[in-house]
Amino acid sequence: MNRDLLGIRQLSQAQITDLLHRSDGYFRHLDSTEPFPDYRLLHGRTIANLFFENSTRTRTSFELAEKRLGATSISLSMQTSSLTKGESLIDTINVICAMKVDCIVVRHSSSGVPQLLRNNLPPHIRIINAGDGAHEHPTQALLDAATLLEQLGSLKGKRIFIVGDISHSRVARSNMLLLKMLGAEITLVGPETLLPKYVEEVFDVRVRTTIGDSLHKADAVIALRIQQERQSRSYFPNLSDFRLRYGLTPIQLSDTKAFILHPGPVNRSVELDDEVVDSEKSLILRQVRRGVAIRMAVLEWLFEV
Amino acid sequence: MDILLQNCRIIDPVTDRDEDGIDLEISNGIITAIGKKLKSKHTSKDLQGALVAPGFFDMHVHLREPGQEYKETIATGTNAAAHGGFTGLCCMPNTDPPISDPFVVSYIREKAKGNIVDVEICGTMTKGRKGDELAPMQALADAGVKMISDDGNAVANAEVMRRVFEYGKMFDFLCTEHCEEATMTKGTGMHEGKVSTKLGIPGYPSVAEDIVIARDLLIAEYVGDVRYHVAHLSTRNAVRLVREAKARGVKVSAEVTPHHFTLTDEAVERHQANAKMNPPLREQQDIEAIISGLQDGTIDCISTDHAPHADHEKNTDIMSAAYGIIGSETAIGLGLTYLVHSGKISLRTYVEVSSTNPRRLMKLLPIKIAVGEKANLTIIDLDTEWTFRSEDICSKSKNTPFISAKFKGRPIGIVNNGQFLWTRKD
């Protein structure tokens with residue numbers, strides 16, 4: 001049976017360990033100044049990166065992972081594609097696949113699109129979820145876990161805070177699932193307007209509506225990006241008011257051993273102040289580098305069978 | 001059309017009859033004899049104890065014509081209703097153009113002429129369903145409209161709602177509201193609850209339905225004597241609000257769809273867009289409240305909200321997918337299986353909520369199963385277990401989460417307008 005990566009929920013503990021282990025090998029080459037080795041693992045394979053929602057970093061990360069494994073890859077920014085000419089989503093995907101594509105990397109604003117493609121495409125076409133709605137972003141969670149493991153050794157009993165807009169975040173959902181599987185304790189921090197209903201029960205996590213002085217207990221903080229257009233729907237008063245309550249400032253950082261992660265792009269002086277982004281505790285650029293390695297590991301795993 | 005139906009179980013709430021082993025003679029569409037072991041010159045058909053009930057009426061059907069004939073037509077939609085055991089239906093006005101014009105009413109009436117299924121026509125409350133100006137109510141009433149609704153939308157403006165009630169009551173219209181506070185449901189894809197949190201789909205909160213019902217009940221009570229009808233009610237608080245208003249003497253009625261008493265939001269995970277409807281599938285506690293509402297008469301009738309959509313409108317991402325499922329051909333299977341055989345309501349109550357009550361709300365003549373009366377009958381095999389299959393669907397669209405579902409009890413035929421339709425070969 002062919003493999004897909006639709007979400008963290010589908011992965012077993014063993015598969016997660018396997019993927020993280022595979023990525024370490026690639027990461028060592030990325031973390032070196034030597035030329036990257038000439039892998040030809042995916043030679044002859046064609047991969048289409050279909051981004052129905054804007055992305056620069058995730059798309060670039062996938063493209064580099066694909067090219068470094070020898071695949072032919074194309075990226076399509078679908079907001080400007082035929083969809084706006086009235087073509088249906090499934091028709092658009094079928095057109096792309098008719099050009100002999102072996103793997104689709106898909107990002108879409110609607111939850112469940114990777115599964116929808118799985119239900120509609122022939123089984124030999126592998127599907128990777130690069131973020132669907134507020135549902136899952138499995139490669140982001142894997143790269144976050146890899147980044148944290150590098151610093152913390154193990155996540156057993158480690159306290160990880162996820163701060164900000166939980167409701168609209170696929171990063172939060174995939175991370176809750178994955179980090180808990182690796183033994184971490186998760187605390188969500190955000191206003192009730194940005195916390196999905198029953199999240200404590202559904203994901204078995206703790207919830208706080210204020211950071212207060214709780215950070216000294218944290219081993220790591222994942223700050224989530226605030227989508228600026230959200231304030232128009234009154235989830236919070238304005239960005240500076242949000243920063244006053246949920247932004248990470250140097251004062252809070254001085255009080256904690258916690259590492260700082262952010263899926264990017266950072267709104268400086270909203271989620272994180274400059275001093276926090278640029279501090280030694282910040283793992284933001286390590287995350288980016290880990291991201292390429294994780295995506296290479298995922299591709300290798302998908303095409304192994 | 002002459003026939004002798006033998007060995008019927010007759011339930012007729014209007015004449016208060018509930019008897020087994022009865023024969024029914026029908027001559028030229030009129031019931032000419034009822035009794036045990038009747039002798040007749042007509043061809044006979046042994047119903048082996050099947051239920052013969054007054055014809056079922058579905059108050060909430062989207063026939064899609066005019067304007068969206070690729071989804072359904074008056075011909076295919078009434079055929080689906082007939083095969084689902086309905087002898088009458090009311091079609092909703094969110095067509096293109098909408099039914100806010102007597103010419104559209106005549107167009108539909110012309111196309112439905114001679115049909116075994118009676119087609120009643122719901123007009124809009126406001127012009128073009130836009131929610132600001134009143135629809136031409138005198139002209140619609142003159143064209144035979146008995147129900148008005150902006151279904152698909154609630155009337156957002158409270159002042160307009162008040163004027164709809166005040167003007168509409170002069171015609172004794174049934175004022176049917178699709179209860180949705182749109183400011184709270186914009187950009188949502190399913191019920192807000194544990195499943196939406198798990199799936200990351202923006203949630204449509206139950207309170208968005210409840211507050212429109214609460215507002216409308218207060219306006220209706222203030223205006224007085226309005227016949228206010230809650231379409232496809234789906235929440236526990238909606239049941240409570242209607243129950244309390246009925247106790248206060250407000251002229252309110254309510255309907256529920258079969259999917260809202262059988263499925264919860266968990267179905268979205270498995271069926272995706274085929275479990276997307278408006279209002280959305282709710283929670284087990286809501287189902288329990290709805291069943292209690294059917295038991296104590298808070299909810300007057302079962303309507304399907306039959307909402308056909310083409311495959312490309314459903315086989316797409318959940319946010320873009322159209323709302324609604326087809327319902328005509330699964331209604332009786334679901335009702336019997338989940339309400340009657342499960343012991344929640346009696347067969348007689350089931351006949352009342354499927355036939356007597358909707359006909360009363362629509363101001364249609366009551367059907368009597370009695371000698372000299374026109375034969376308008378739904379015939380149901382109560383006990384056969386069957387599987388609903390895609391290839392058997394008569395509707396033009398196949399958007400339903402019930403493909404492969406197993407039911408106990410199914411319609412086997414209808415009689416109406418001097419015609420028979422036997423829907424089962426066996």
Side-chain angles (χ1 to χ4, degrees), chain A residues 7 9 52-53 78 83 86-94 106-121 129 131-137 165-174 176-177 188 195-205 207 229-230 232-235, chain B residues 70-71 181-208 235 264-276 280-286 309-323 398-399 401 403:
Chain A
R9 215 177 270 281
F52 293 88
E53 208 182 53
M78 306 301 283
L83 263 188
E87 191 175 56
S88 83
L89 173 60
I90 299 298
D91 284 344
T92 305
I93 300 280
N94 281 335
V106 64
R107 165 168 292 191
H108 199 287
S109 59
S110 198
S111 302
V113 165
Q115 184 65 53
L116 177 79
L117 300 195
R118 180 68 287 150
N119 299 345
N120 281 276
L121 290 178
N129 182 358
D132 62 325
H135 182 221
E136 283 238 38
H137 191 353
D165 180 358
I166 312 295
S167 279
H168 303 96
S169 178
R170 49 189 169 230
V171 176
R173 281 179 181 74
S174 284
M176 286 190 272
L177 294 170
L188 305 178
L195 288 164
K197 265 188 148 6
Y198 315 114
V199 67
E200 282 166 280
E201 195 185 328
V202 173
F203 285 94
D204 186 24
V205 293
V207 167
E229 63 274 18
R230 300 258 184 247
S232 65
R233 281 202 69 178
S234 295
Y235 292 103
Chain B
Y70 68 95
K71 298 178 196 250
E181 174 52 54
T183 57
M184 297 182 88
T185 61
K186 191 177 168 226
T188 63
M190 69 176 294
H191 169 68
E192 180 172 69
K194 287 176 192 152
V195 183
S196 66
T197 290
K198 178 181 171 191
L199 300 180
I201 296 173
Y204 180 135
S206 51
V207 68
T235 75
T264 65
D265 54 352
E266 287 175 16
V268 177
E269 224 178 324
R270 179 145 162 249
H271 299 288
Q272 303 187 5
N274 271 337
K276 182 187 182 187
L281 297 171
R282 304 288 189 185
E283 299 173 15
Q284 191 56 40
Q285 277 176 283
D286 299 299
H309 291 293
D311 183 64
H312 73 269
E313 296 167 308
K314 280 300 214 178
N315 188 21
T316 186
D317 71 279
I318 188 102
M319 298 308 293
S320 317
Y323 288 105
K398 295 186 190 303
N399 52 308
I403 302 287

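To find a chain, count down the sequence lines: A is the first, B the second, and so on, and within it residues start at 1. All figures in this text were calculated on a predicted structure; none of them were measured in a lab.
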*Asks:* Between chain B and chain A, which N and O donor-acceptor pairs fall under 3.5 Å? A table would be great.
*Replies:*
residue, atom, partner, partner atom, Å
Lys186(B), O, Arg233(A), NH1, 3.3
Lys194(B), NZ, Glu201(A), OE2, 3.0
Thr197(B), O, Arg173(A), NE, 2.7
Thr197(B), O, Arg173(A), NH2, 3.3
Thr197(B), OG1, Lys197(A), O, 2.6
Leu199(B), O, Ser111(A), OG, 3.3
Gly200(B), O, Ser111(A), OG, 2.7
Asn315(B), OD1, Asn120(A), ND2, 3.0
Asn315(B), ND2, Asn120(A), OD1, 2.6
Asp317(B), OD2, Ser110(A), OG, 2.8
Met319(B), N, Ser110(A), OG, 3.1

*Asks:* How about Phe52(A) and Val113(A): do any of their side-chain heavy atoms sit closer than 4.5 Å?
*Replies:*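 SC-SC contact between Phe52(A) and Val113(A) ruled out.
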*Asks:* Would you say Ile318(B) and Val268(B) make side-chain contact, with heavy atoms under 4.5 Å?
*Replies:*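 Yes, side chains in contact.
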*Asks:* For Ala310(B) and Lys71(B), which heavy atoms make the closest approach, and how far apart are they?
*Replies:*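 Scanning both residues, the minimum pair turns out to be N-CG, 4.2 Å.
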*Asks:* Which one, Ile90(A), Leu117(A), Leu177(A), Val202(A), leads in non-hydrogen pairs under 4.5 Å with chain B?
*Replies:*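 Answer, by heavy-atom pair count under 4.5 Å with chain B: Val202(A).
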